[in-house]
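I have placed the structure first, in the form of structure tokens, so that the comments after it can refer back to it.
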Amino acid sequence: MTTHSSNISLKSLHTFQLPYKAATMVAITSAEQLSQLEDDYWVLGEGSNTIFTTDFIKPLVRILIRGIEITETSDTYDVSVGAGENWHRFVTTMLDQDVKGLENLALIPGSVGAAPVQNIGAYGIEVSRYIKSVDAWDRHECKLVTFTKAQCAFGYRDSIFKRSQGRFVITQVQFSFPKTWQATLSYGALAELPADASAQQIKAEVIRIRNAKLPNPNDIPNAGSFFKNPVISLEEFSALQERYPEIPSFAVDATQVKLAAGWLIDRLGLKGFQCGGARVHDKQALVLTNAGSATGADVLALARTVQERVQEHFGVTLEAEVRLLGAEELVHL
Ligand SMILES: Cc1cc2nc3c(=O)[nH]c(=O)nc-3n(C[C@H](O)[C@H](O)[C@H](O)COP(=O)(O)OP(=O)(O)OC[C@H]3O[C@@H](n4cnc5c(N)ncnc54)[C@H](O)[C@@H]3O)c2cc1C
């Protein structure tokens, strides 16, 4: 276990790169080490879905548990992965070993341990599709527990881990990949690939599209999609569609429709809109960026302004997808 002393710069520990500090930080390399910690801490992966809006006074715990183990049955590849592995490196390792399934989720920043927390998704696939079980340290009961996939209660950018406000620290994730693989090419630009595209071709195309569409946090600090795509009732949707016949939508089920938050923000002409150093990205309205000298207050002011304008204009409530942190806890918009 490595304990860092006080005053750790958070700039390089989250992709929005705000200039704040953490009081202390502990790096964990095995599940057992979690039992030795004082309970009051916040778990940090690679900080790509987290924005520190001020100095953080609670201890931070970074999960650096490594290792990828592959076994197989006649029908599946079963893979157990340490929560501290980097997500994209894991996807690449799987595909290089001809274990297919995660190609659509290539290049999503962050750690394997954070992937189940918000059930990461892209290009028509959510990670929950391949998760078999999740091991976690239960901070209330002080013991290691295993969640079956059903117990993870996955939803759109949601899971029991997200809803339980940090109670469970994920240490290991088990995946199961059927050997009979089928490409998922239904999403947007992927539909242009040939129907017999290989998993490696899909991965390359996903990387190409992502690099073209999304700002690289190393060049323009950001935390990916800032807001979730809002889900509304069919009735609300019909009323909106009368006013905006071109509004993009995706059916969730027989009664609910998902809207594209980026389209709503873009429709209000907010691309390039700035509060202090925080800016709505010029090319992708769903991404808020640190234009160079943003403060936490700038980010919160920008996010609240966007949220208010969308509410006023469309009657739709935007919820943050990113985790905004105050001095000790989550900050809500
Ligand atoms: C450019 C860019 C593009 C992105 N694209 C996508 C996308 O296409 N799809 C998508 O779904 N997301 C996307 N994201 C968001 C982000 O990549 C994911 O949410 C990712 O899973 C976050 O991983 P992390 O390790 O950085 O998590 P962090 O930001 O460190 O943590 C996120 C949350 O998970 C908790 N957490 C982290 N590790 C653990 C653990 N081991 N146990 C329990 N809780 C934990 C933290 O406490 C926090 O609440 C994008 C982000 C960026 C910057």
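When a ligand or atom number is given, it counts from 1 through the structure's own listing order. The basis for the numbers below is simple: all heavy atoms, side chains too, and nothing from hydrogens, waters or symmetry mates.
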Requested in this report: Please test V91 against E103 for side chain to side chain contact (heavy atoms under 4.5 Å, CB included), starting from the C-alpha separation and ending with a verdict.
Outcome: CA-CA 7 Å; V91 172; E103 53 284 343; 5.7 Å; no

Query raised in the report: L105 and Y123: side chain to side chain contact (heavy atoms under 4.5 Å, CB included), yes or no, with the steps?
Result: CA-CA 7 Å; L105 303 181; Y123 302 99; over 6 Å; no

Pick out the protein N or O atoms lying less than 3.5 Å from any N or O of ligand 1, and list each pair with its distance.
unit_1, atom_1, unit_2, atom_2, d
ligand 1, 5 (N), R210, NH2, 2.8
ligand 1, 8 (O), R210, NH1, 3.0
ligand 1, 8 (O), R210, NH2, 3.3
ligand 1, 9 (N), G121, O, 2.8
ligand 1, 11 (O), Q118, NE2, 3.3
ligand 1, 11 (O), G121, N, 3.1
ligand 1, 11 (O), R157, NE, 3.4
ligand 1, 12 (N), Q118, NE2, 3.2
ligand 1, 17 (O), S48, OG, 3.2
ligand 1, 17 (O), P109, O, 2.7
ligand 1, 19 (O), Q118, NE2, 2.7
ligand 1, 25 (O), E46, N, 2.8
ligand 1, 25 (O), S111, N, 2.9
ligand 1, 25 (O), S111, OG, 2.7
ligand 1, 26 (O), E46, N, 3.3
ligand 1, 26 (O), G47, N, 3.1
ligand 1, 26 (O), S48, N, 2.7
ligand 1, 26 (O), S48, OG, 2.7
ligand 1, 29 (O), S48, N, 3.3
ligand 1, 29 (O), N49, N, 2.9
ligand 1, 29 (O), T50, N, 3.3
ligand 1, 29 (O), T50, OG1, 2.7
ligand 1, 30 (O), G45, N, 2.7
ligand 1, 30 (O), E46, N, 3.3
ligand 1, 30 (O), G47, N, 2.9
ligand 1, 31 (O), T50, OG1, 3.4
ligand 1, 41 (N), I170, O, 3.0
ligand 1, 42 (N), I170, N, 2.8
ligand 1, 47 (O), V43, O, 2.6
ligand 1, 49 (O), R323, NE, 3.0

**Report entry** Side chains of L264 and F227 in contact at under 4.5 Å (non-hydrogen atoms)
**Finding:** no

Requested in this report: Would you kindly check if the NZ (Lys) or CZ (Arg) of R139 is within the cone defined by 45 degrees around the ring axis of Y41 and under 6.0 Å from the six-membered ring centre?
Outcome: yes

Requested in this report: Test D298 against T295 for side chain to side chain contact (heavy atoms under 4.5 Å, CB included), laying out the working first.
Outcome: CA-CA 5 Å; D298 295 341; T295 63; 3.1 Å; yes

**Report entry** Carboxylate-amine/guanidinium proximity below 4.0 Å for E205 and R208
**Finding:** yes

